[in-house]
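Numbered from 1 within each chain, the chains take letters A, B, ... in sequence-line order. Note that this is a predicted model, so its numbers are computed, not measured.
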Amino acid sequence: MEHSPTDPIHQFNIYHLIPIDIGGLDLSFTNASLFMAIAAIIGAGFLYMTTGSRGLVPTRMQSVSEMFYEFTADMLRESAGSGGMRFFPFVFSLFCFLLVGNLLGMFPYFFTITAQIVVTFTLAILVIGVVLVYGIRQHGIKFFKLFVPDGVPGPLLILVVPIEVLSFISRPISLSIRLFGNMLAGHITLKVFAGFVFSLGTLGALGVATAVLPLIMTVALTALELLVAALQAYVFAVLTCLYLNDALHPSH
Amino acid sequence: MMLVTAAHAQSASENGAPADTGTHTETGAGHGSEPHFPPFNAHYFPSQILWLAIVFALFYQFMAKTVVPRIGGILENRRDRIAQDLDEANRLKEETDEAIAAYEQELADARSKAHEISRQAHEKAKAEAEAEQAKVEEELSEKADAAEAEIERVKTEALGHVGSIAEETAAAIVEQLLGKAPSENEVATAVEAERMRQIEGA
């Protein structure tokens, strides 16, 4: 099965680096696993190294780390109140991991971990799992008041409660598909336009001249994708904060 | 994991050793020849989930145990330090204000004291001058009294001599006119009579 050099899907292929098979289940260390590890190491490494001096007056890099920290802390505090700060390490980890993962995908030949639905869905399930576990442990049965909005007359509840339940269930789906879809679509579009440059470039002088157009497009899209990469990590983190708010204050 | 690596070695070769051939043979590894859109290839879901769980768990541990406390500590430190510096600045400002107030108080005291001293000096000088003046005046009036007494004395003395002078003068005039000196008694009687006449006529 040959693949063309302009195949836009090829970049999402997964292949074994260290094949591991347990009971017929493929648990290999793949290129995806490698880039997850790289994202985690870069994320943690950056934050760790830049804050090593613990300067009272921050260096330029230290202030970047502090900025990320305070940005996430403000986001969480605004959405979930100061009680939400107990989830700060979780939200901060998610945000950093996704941000670095998204941005790593922007490098040519690098694998985009967040363009894998299973990755984003697992993280979304993790978020919802935290909301459920913490919400029920903290509020017990009262947590389910989340599905019963205040001030809605009895008969309407028959209609409203299923909608609320459905909306809760769809959260992990929308959360994961939003990130996955953005990253996937962006990278495919980028690759398609970059492929045009290549294809046109092989068509002689006129082709080379025309290839300038998709090249400009590719450059513009790269800029856009950088924005999307940062934005989607932020969106994921913000929604996580909002969902955590439900766990903290279920009766809204 | 070493054990696992040994175990999969043959399965990998059965599947056509995807790791060796590289990039694309793996799509068919678990699913026959059916081509898959890679993100939806369920064959890799377990591996993805497992490694994501491992990586994210380690990442979270590191963040929660090391990075967050560290950056939080830095920020906390800075906040404390700034608050402390502000307090210190406030304290110093208060001290300065106090010092200024004390200085002004002292200045006012010194000023009123100087005023008092100058007033006292002025009064003293005035009193002394007045005393001096009084003394001088007294002396002068004493001298004037003495002089007046002297004048009075001289005057009475002079007046006392007037009779004898007039007698001598009258005797001398009579001698010149008559050629012979009148007796002293005659002269004295005449002068006395004349004087009486003059005093009465006056």
Below 4.5 Å, heavy atoms only, C-beta onward: do B:Phe37 and A:Ile117 meet side chain to side chain?
no
Test item: A:Leu126 and B:Tyr60 side chains (from C-beta on) under 4.5 Å apart, heavy atoms
no
Within the supplied structure, the quantity of interest is the number of heavy atoms (other residues, nucleotides, ligands) at a distance under 6.0 Å from B:Glu138 CD; does it exceed 12?
no
Quick one: what part of B:Val67 sits under 4.5 Å from any heavy atom of chain A, side chain, backbone, both or neither?
side chain
Can you tell if the side chain of A:Phe29 reaches within under 4.5 Å of the side chain of B:Ile54, non-hydrogen atoms only?
no
Against chain A, label B:Arg81 side chain, backbone, both or neither, depending on which of its atoms sit under 4.5 Å from a heavy atom there.
side chain
How are the rings of A:Phe180 and B:Phe40 set to each other: parallel, tilted or perpendicular (split at 30° and 60°)?
tilted
Taking the side chain as every heavy atom from C-beta outward, state whether B:Arg70 and A:Tyr48 have any pair of such atoms under 4.5 Å apart.
yes
With a 4.5 angstrom heavy-atom cut-off, which part of A:Ala115 approaches chain B: side chain, backbone, both or neither?
backbone
Flag the pair B:Gln48 / A:Ile14 as yes when at least one side-chain heavy-atom distance between them is below 4.5 Å, and no otherwise.
yes
Name the region of B:Phe45, side chain, backbone, both or neither, that has any atom closer than 4.5 Å to a heavy atom of chain A.
both
Quick check on A:Phe71: does its CZ atom have over 12 non-hydrogen neighbours (other residues, nucleotides or ligands) under 6.0 Å away?
yes
What residue pairs, at least two apart or across chains, pass side chain to side chain donor-acceptor pair (under 3.5 Å) with a residue in residues 103-118 of chain B?
B:Gln105-B:Asp109, B:Glu116-B:Arg119, B:Glu116-B:Gln120
Under 4.5 Å heavy-atom distance to chain B, tell me which part of A:Ile41 shows up: side chain, backbone, both or neither.
neither
Assess whether atom CZ of B:Arg91 is packed by more than 12 heavy atoms of other residues, nucleotides or ligands within 6.0 Å.
yes
Tell me whether the rings of A:Phe90 and B:Phe56 are parallel (<30°), tilted (30 to 60°) or perpendicular (>60°).
perpendicular
Could you tell me if the side chain of B:Asn77 sits less than 4.5 Å from the side chain of A:Arg54, heavy atoms only?
no
How long is the gap from CD on A:Glu66 to CD1 on B:Ile74, to the nearest 0.5 Å?
5.5 Å
If you count heavy atoms of other groups shown closer than 6.0 angstrom to CE of A:Met67, is the number above 12?
yes
Look at A:Leu47, A:Asn31, A:Ile113, A:Val57 and state which one has the largest set of heavy-atom pairs under 4.5 Å with chain B.
A:Leu47
For A:Ser28, is there any backbone N or O sitting under 3.5 Å from a side-chain donor or acceptor partner on B:Ser47?
yes
If you take all heavy atoms of A:Met36 and B:Trp51, which pair is closest and at what distance?
SD-C, 3.8 Å
Provide the closest heavy-atom pair for A:Gln116 versus B:Pro39 in the form atom of the first, atom of the second, distance.
OE1-CA, 3.5 Å
Given a strict heavy-atom distance threshold of 4.5 Å, which part of A:Leu56 is in contact with chain B: side chain, backbone, both, or neither?
both
Check the angle between the aromatic planes of A:His16 and B:Tyr44 and answer parallel, tilted or perpendicular using the 30° and 60° thresholds.
perpendicular
Side-chain heavy-atom pair A:Phe121, B:Ile49 within 4.5 angstrom cut-off
no
Mind running side chain to side chain contact (heavy atoms under 4.5 Å, CB included) on B:Leu52 and A:Phe97 for me, showing each step along the way?
CA-CA 11 Å; B:Leu52 177 65; A:Phe97 186 68; 3.6 Å; yes
Drop me the distance from B:Leu50's CG to A:Leu25's CG, to the nearest 0.5 angstrom.
9.0 Å
Of all the heavy-atom pairs spanning A:Pro58 and B:Arg78, show the shortest one and how long it is.
CD-NH2, 3.5 Å
Which pair of heavy atoms, one from B:Phe59 and one from A:Gly43, lies closest together, and at what distance?
CE1-C, 4.1 Å
Quick one: do A:Tyr69 and B:Val68 satisfy side chain to side chain contact (heavy atoms under 4.5 Å, CB included)? Show the steps, please.
CA-CA 8 Å; A:Tyr69 182 100; B:Val68 168; 4.0 Å; yes
Side chain proximity check, B:Pro38 to A:Asn13, heavy atoms < 4.5 angstrom:
yes
